[in-house]
Amino acid sequence: MMGTKDREGFLKQFSVYALLICIGFIYLYPILHMISSSLMTLDDLLDSSIKWLPSSFNLENFRQAAASMDFWRALWQSVVLAGVPTICNLLSCSVIGYGLARFDFPGKKIVMAVIILSFVLPSQITMIPTYVLYSNLGIQNTIWAFVLPALFGQGFNAPIFILIFWQFFRQIPKVLIEASRIDGAGYFKSFYKVALPSAAPAFITVALFSFVWYWNESYLTELYVHGIYGDSSWTTLVIQLDNFSDNYSSYQQTATNAATNLNESINMAGTLLSILPLMILYFVLQRHFVESIDRTGITGE
Amino acid sequence: MNMAETTKLTRKEKKALKERMKHLRSGKLEKRYARMGYLFMIPWFIGAGVFLAYPLISSFWYALNNIRITPLGRVFTFVGQGNFTQILIQDPDFLVQLVDYLTSTILSTPIIVVFALLIAMMLNMRIKGKGFFRLIFFLPVIIVSGPILKMLTAEGAGSISAIDVQSLTAAIGSVLPSMLAKPISDVFSNMITTLWYSGVQILIFLSGLQKIDKSMYEAAKIDGGSGWECFWKITLPNLKSMILLNTIYTIVFISSNSQNPIIVLIQNSMFSGTKEKGYGYASAMAWLYSVVVLLLVGLFALLLTTRKDQYEKQVKRNKKLKKKEARNLKRIERRNSRNAKRIEKQRAKGKITTHTTSRSDY
């Protein structure tokens, strides 16, 4: 019953499955709750006999939430605000990671220590002078406030990405690079002809995580790009959700047809709308996400 | 003899080499390599200077000043440690929030790490639908962000309605003092969101588990080790570095999460219009907060790294035993020689002649 030498017993396996399914349900509970209540009408919400399945699938909530969030504009801007810094991150972190992995130079240990320290250090400590710096440079409330640090390897969570690239480039056999040098390639050529093509898994991982983390970042986006008083033309879905009730009340006043009052269903519909793009991305690219950490070997250290 | 000669020769050679190395400078190629390394690192050096070192230093300078924004620009008045004392003595929120943050982080970090380890170990077993479960447990990483968590907890999706949280918190409150009870009940009432933080950690543990050599478990089984013993003596020591990594990651993640009330407090005081607050005040707050976070990370790192592993302990104990034995041996030798001398002396005096003769007979 409890298992033999090489086969897990029935009882053990059963309990593992039961535990996994239970915890899996707890994990998914908020999402299921969100989906079900976003489809409910006001009557369904108030009816205590209806717990999970709404009496009719009501898409009106989504229409109103999308209209109040200015969904399509916010979606486009979210994609740009997450995508462009991600590309910059890829460029800078791969170069820096290669420099750290392939070359020995005095002070390398100090550089590594600073990179790790800058990961542990809360961003709040540099936030205020950076804010002042951006407003002096005139790049505050523009996308440059995200692009410029990312270009110089100081983007959001960049230390992790540098370490991923560092770890990956260290695994490439040194002989490969040396062979390309003997064949007449310069330092840069051997970097982008030999090292870069073999680092595709690291690129995928960094691109996915960077995109997701930029997409979900609300605190710094609000400060640097959206503007703390909302005085910029930039916005993202996450920030629109953060100010959802304000947005909704202003939408309610301007709407031509009578909009219903803000209720749980509309809140949940808005939340679902703001995570839907990433959920779709996740289910399309699930294998890359889930296997990413295995492949980069960041756990080797 | 021959062997000794050769070792002597190599030793001489080594000495000569060392002498020669002193006069040699590092090679041209090596220098060029170092230069290329710097070339590749240029972006980072610029970035670290402009976006890390400069803000860090000026943030410290801000913290020592009272900064007011006037139409002419920012006006700095030096106040020394005034901002810090004001935060610590007069601010009603900051210290309370800081203590709350500390207790909840110290409580929830081990929960998250242990939970992630458990899930990872279950997923590492031979079960069907492994990919599906991994998909579920990694999902929160994708969607977790401050506003979404705020919305979900506000609408009551952050905790399970089936578990009666109210009675649980009441039970905790009756047993523990209120200072401890509040953070614990907070952790329970936001159980789902706490568990949601463990997606990346599960993956890190999972890939760590897959790297452990299977033959170690086999060897342990042959020696009669149970699953429980295998966990403590093989799995855990092998995952030591992952545990440290995950702990640090968890603390950093919790500290920079925009649900954290302290960083909201910092932002609010940054844009507060009152005379005492403003950039300087907020910088001082950020410094205090960062020092606390660094101390917390250091504390956990110390806790997790100072513990020596079993193997090293055994080796050390063995060495000690050997030393003790050697000392005992020496003592016996010394005693022997001393006794021999004494006997020699007595024999010279002619006191124990009979003994020697009897021995010669023997």
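These numbers come from a predicted model, not from an experiment. Chain A is the first sequence line, chain B the second, and so forth, proteins listed ahead of strands; every chain is numbered from 1.
Of the residues listed (A:V132, A:I128, A:T130), the one engaging B:P55 in a side chain to side chain contact (heavy atoms under 4.5 Å, CB included) is A:T130, and it is the only one. Tested against B:F40, the residues A:F105, A:Y187, A:Y98 include a single ring pair (Phe, Tyr, Trp, His ring centres under 6.0 Å) partner, A:Y98.
Neither the backbone nor the side chain of B:F60 comes within contact range of chain A; no heavy atom of the residue lies under 4.5 Å from a heavy atom of that chain. Neither the backbone nor the side chain of B:A63 comes within contact range of chain A; no heavy atoms are under 4.5 Å apart. For chain B, the nearby parts of A:I21 are the backbone and the side chain; heavy atoms of each come within less than 4.5 Å. Neither the backbone nor the side chain of B:L118 comes within contact range of chain A; no heavy atom of the residue lies under 4.5 Å from a heavy atom of that chain. When heavy atoms are compared at a cutoff of 4.5 Å, A:I125 approaches chain B by way of both its backbone and its side chain. For A:F211, no part lies near chain B; criterion is any non-hydrogen pair under 4.5 Å. With a threshold of 4.5 angstrom between heavy atoms, B:Y279 approaches chain A through its backbone and through its side chain. Contact of B:L288 with chain A is not made at all, since no heavy-atom distance falls under 4.5 Å. With a threshold of 4.5 angstrom between heavy atoms, B:Q267 approaches chain A through its backbone and through its side chain. Interface remark: A:L20 contributes backbone and side-chain atoms alike to the contact with chain B (heavy atom separation under 4.5 Å). Contacts of A:F119 with chain B are made by both backbone and side-chain atoms, with heavy-atom separations under 4.5 Å. Within the 4.5 angstrom heavy-atom criterion, only side-chain atoms of B:I248, from C-beta onward, approach chain A. For chain A, the nearby part of B:Y62 is the side chain; its heavy atoms alone come within less than 4.5 Å.
Of the listed residues A:L281, A:I239, A:L117, A:I115, the one with more heavy-atom pairs under 4.5 angstrom with chain B than any other is A:I115. Ranked by heavy-atom pairs shorter than 4.5 Å toward chain B, the options A:G107, A:S123, A:G99 are led by A:G99. With chain A as the partner, the residue from B:W196, B:Y54, B:Y289 showing the most heavy-atom pairs under 4.5 Å is B:W196. Note on A:G24, A:P149, A:G153: by heavy-atom pairs under 4.5 Å with chain B, the leading option is A:P149. Counting heavy-atom pairs closer than 4.5 Å to chain B, the top residue among A:V212, A:L220, A:V111 is A:V111. Options B:S290, B:S58, B:S256 differ in how many heavy-atom pairs under 4.5 Å they form with chain A, and the most are formed by B:S290. Counting heavy-atom pairs closer than 4.5 Å to chain A, the top residue among B:M285, B:M270, B:R35, B:E218 is B:M270.
With a 4.5 Å cut-off on side-chain heavy atoms, B:Y33 and A:D104 do not count as touching. In this structure the side chain of B:I142 never reaches within 4.5 angstrom of the side chain of A:N216, judged on heavy atoms. The closest side-chain heavy-atom distance from A:M279 to B:L139 is below 4.5 Å. Inter-residue side-chain proximity for B:L39 and A:F103 is flagged as unmet; no heavy-atom pair is nearer than 4.5 Å. Contact check for B:W44 versus A:I162: side-chain heavy atoms found under the 4.5 Å cut-off. In this structure, A:Q124 and B:I262 have side chains that are not in contact, with every pair of non-hydrogen atoms separated by 4.5 Å or more. Contact check for A:Y282 versus B:F138: side-chain heavy atoms found under the 4.5 Å cut-off. You'll find the side chain of B:S59 reaches within 4.5 Å of the side chain of A:P129, heavy atoms only.
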Test A:L133 against B:V50 for side chain to side chain contact (heavy atoms under 4.5 Å, CB included), laying out the working first.
CA-CA 9 Å; A:L133 181 74; B:V50 177; 4.1 Å; yes
Side chain to side chain contact (heavy atoms under 4.5 Å, CB included) for A:V120 and B:I251? Distances and angles first, verdict last.
CA-CA 9 Å; A:V120 177; B:I251 296 173; over 6 Å; no
Do A:I23 and B:F137 pass the side chain to side chain contact (heavy atoms under 4.5 Å, CB included) test, and can you show the C-alpha distance, the side-chain angles, and the key distance before you say yes or no?
CA-CA 9 Å; A:I23 298 172; B:F137 289 119; 3.6 Å; yes
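A donor-acceptor pair under 3.5 Å is formed between the side chain of A:Y27 and the backbone N or O of B:L195. Counting only distance, with no hydrogens or angles, the side chain of B:Y38 and the backbone of A:P106 share a donor-acceptor pair below 3.5 Å. Judged purely by atom type and a 3.5 angstrom limit, A:Y219 uses its side chain to pair as donor or acceptor with the backbone of B:I263.
The aromatic rings of A:W213 and B:Y249 lie tilted to each other, with the angle between the two planes from 30° to 60°. Ring planes of B:F133 and A:Y17: tilted class, angle from 30 to 60°.
When all heavy atoms of A:L121 and B:L56 are compared, the pair lying nearest together is CD2-CD1, 3.7 Å. Scanning all heavy atoms of the two residues, the minimum distance from B:M125 to A:V16 falls at SD-CG2, 3.6 Å.
Annotation for A:R181: atom CZ counts as buried by contact number, over 12 foreign heavy atoms lying within 6.0 Å.
With values rounded to the nearest 0.5 angstrom, A:L100 atom CG is found 4.0 Å from B:M41 atom CE.
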